[in-house]
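Worksheet for the structure shown next.
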Amino acid sequence: MSQAQAPVRSGGGLPALGDTSELPASAERRLGDRIASSIYRDPDYLDDPVLGDYLQGIWKPLMVTARARGELNAELEERFAWDIMLVRNRTVNAFALPGGYLGVHLGLISIVESPDELASVLAHELSHVTQRHISRLMSKQNQQMPWLLAAMILGMMAASKNPDAANAAIAGGQAVAVQNQLNFSRDMEREADRIGFGVMADAGFEKQGFASMFDKLQQASRLNDNGSYPYLRSHPLTTERIGEAKSRLQLEGSASPAPSGETARARMVHGLMAGRARALGDPSVDGVRTMLADAQRVFQGGATELGPRDAGALYAGVLVATQSRDHSLARSLLARLTAATAGNPVAADKVQLLSLEIDIAAGRAEQAPRLASTTSRAAALLQSRADLAAGRPQDVSDRLQSWVSAHPRDAIAWQMLAAAYGQMGQSLRAIRADAESRVAQLDYGAARDRFKAAQDLARSGRDTGSGPGNHFDSSIVDTRAREIDRLLREQALQEKLDR
Ligand SMILES: [Zn+2]
């Protein structure tokens with residue numbers, strides 16, 4: 001089994017009481033896996049392939065640069081998950097969890113105005129991880145057992161979802177309790193700023209993004225807008241942080257150059273993704289009404305060239321019109337958006353994905369033109385969704401079989417494969433793919449149940465759909481069932497040790 005499928009489990013145990021050393025990477029990863037497996041099952045966890053690809057496009061250069069600068073060592077890179085989890089939440093937040101898991105709220109994507117601003121936040125969080133801030137905190141606070149800490153982090157995340165006044169006391173109380181346990185020190189914040197700034201600048205992002213992000217946060221903190229900016233609670237803007245950021249930018253000569261054509265195109269792409277984050281993050285009646293009104297305003301304005309914000313308003317309008325089943329409005333807005341992004345290949349690509357998405361939603365998958373390229377994750381998964389809706393399961397299995405062998409932790413791809421096998425009457429393969437989607441989300445109990453069901457089906461001889469390959473498939477199922485059994489036993493043992 002590949003490294004990616006199994007949680008890392010070798011290595012030392014947890015530090016003894018009074019030990020001030022760092023928590024070993026393997027123990028920190030185990031703790032992170034436990035938190036992640038709960039988040040994957042949370043209805044507000046959002047695996048959106050379009051926003052996911054966009055974030056990865058910013059994240060990957062940061063990782064490469066952190067490695068080149070020597071901040072990210074080989075052990076950490078191999079042991080940690082390096083998974084960015086999207087959270088369907090309108091508030092502005094990003095956070096680092098144990099084991100290389102990072103969280104980004106949709107609200108953050110929708111308020112920043114450039115990939116550079118987003119990069120400055122991600123580079124800061126990445127630096128908390130590479131500098132082992134979490135493990136240092138956990139070792140310092142080691143009177144608190146890690147499993148309890150995991151429970152508290154989850155409690156805090158649940159509470160932060162409900163920002164209304166009735167829950168503020170509970171949320172506030174929990175947040176304070178967690179802050180006492182897992183709150184980065186002022187020195188750690190300054191270190192993450194310093195290293196994060198170096199990483200994002202070396203990765204080729206505009207340094208000005210770091211300054212404008214700071215300005216945004218500063219404005220929000222002046223307005224005392226802490227409810228919609230949980231990021232300010234976990235990352236208080238101290239006078240030292242602001243002073244250091246300013247002098248760093250002056251030192252680096254941050255006179256903002258006139259935006260190049262490339263910058264303008266990147267901002268346009270960001271505008272679209274911000275629109276998507278807004279549409280996916282705010283399902284309220286008021287939110288939908290506002291987004292539709294904004295889109296109509298841009299549409300009726302009739303300008304031939306659109307700025308990123310207006311393009312984002314159209315994008316959001318297309319999505320919410322589709323959700324409200326107003327397909328003809330979605331089509332007209334999309335036509336404007338297509339014209340406005342024609343000269344920007346990356347933006348045009350995003351708009352084409354959107355077009356296929358609304359065709360599927362409108363029940364027109366069969367007539368929809370196929371995507372020219374399905375090399376990106378978003379394109380591969382969206383085209384597969386269209387193929388499933390149009391009754392072309394063979395195309396899906398051809399495409400996604402090789403995809404999951406390269407990306408075994410892609411739960412959505414496994415689920416689509418399961419659906420494709422189901423359409424083809426290959427029940428054994430369908431159950432196995434479903435089981436693998438549970439493994440991908442670290443839900444080993446559910447995976448074991450499905451592997452057992454697959455074994456029962458194979459023994460009964462009722463699965464005729466797989467044809468001559470049946471014997472091969474059932475031996476894979478047996479092997480995987482044994483591996484998952486072993487993982488579950490090890491996990492139970494480890495949990496006893498951790499307590
Ligand atoms: Zn921080």
Side-chain angles (χ1 to χ4, degrees), residues 22-23 28 32 35 55 58-59 62-63 65-66 69 71-72 76 80 82-85 87 89 91-105 107-109 111-112 116-141 149 152-153 156-157 160 175-176 178-201 203 205 207 209-221 225-226 228-246 248-249:
E22 288 178 353
L23 190 69
E28 191 185 323
I35 297 169
L55 281 180
I58 297 171
W59 178 250
L62 296 175
M63 287 275 288
T65 307
R69 286 166 50 105
E71 260 111 35
L72 174 59
L76 218 55
F80 276 12
W82 305 113
D83 186 9
I84 305 183
M85 303 160 124
V87 184
N89 190 308
T91 64
V92 175
N93 205 5
F95 48 87
L97 292 170
Y101 289 98
L102 287 99
V104 171
H105 284 196
L108 174 70
I109 302 174
I111 67 125
V112 302
D116 315 281
E117 288 181 355
L118 207 46
S120 76
V121 176
L122 293 180
H124 174 103
E125 296 305 315
L126 171 63
S127 304
H128 276 314
V129 183
T130 58
Q131 299 311 110
R132 305 300 314 276
H133 288 166
I134 294 173
S135 77
R136 266 149 61 187
L137 278 180
M138 289 196 300
S139 306
K140 214 158 67 181
Q141 306 279 347
L149 201 70
M152 295 187 76
I153 292 171
M156 173 188 67
M157 294 179 61
S160 75
V176 169
V178 174
Q179 279 198 335
N180 291 336
Q181 303 308 318
L182 185 57
N183 203 17
F184 298 130
S185 69
R186 288 173 162 221
D187 286 346
M188 288 174 175
E189 287 304 336
R190 288 160 62 195
E191 189 178 43
D193 282 344
R194 180 173 54 81
I195 294 177
F197 177 78
V199 169
M200 71 91 80
F205 291 100
K207 294 167 195 145
F210 203 91
S212 52
M213 192 66 219
F214 252 87
D215 287 345
K216 270 202 177 65
L217 293 172
Q218 224 178 334
Q219 258 168 27
S221 72
D225 196 5
N226 286 348
S228 52
Y229 278 72
Y231 194 69
L232 283 170
R233 273 205 303 268
S234 53
H235 295 79
L237 281 180
T238 57
T239 43
E240 299 110 293
R241 281 188 74 198
I242 294 168
E244 284 177 11
K246 285 201 174 129
R248 197 171 291 128
L249 281 159

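Computation of the quantities below employed the complete heavy-atom set of this structure, encompassing side-chain atoms and omitting hydrogens, waters and symmetry-equivalent molecules. Order of appearance sets the numbers: ligands from 1, and atoms from 1 within every ligand.
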Tell me whether the rings of His128 and His124 are parallel (<30°), tilted (30 to 60°) or perpendicular (>60°). perpendicular
Verify the distance test for Glu189 against the Zn ion (ligand 1): any N/O/S atom under 2.8 Å, yes or no. yes
If you look at His235, which of its N/O/S atoms is nearest to the Zn ion (ligand 1)? NE2
Angle subtended at the Zn ion (ligand 1) by NE2 of His124 and NE2 of His128, to 10 degrees? 100°
Salt bridge flag under 4.0 Å for residues Asp193 and Arg190: no
Ser185 versus Asp187, side-chain donor and acceptor atoms under 3.5 Å: no
Whether over 12 other heavy atoms sit under 6.0 Å from Arg69 CZ: yes
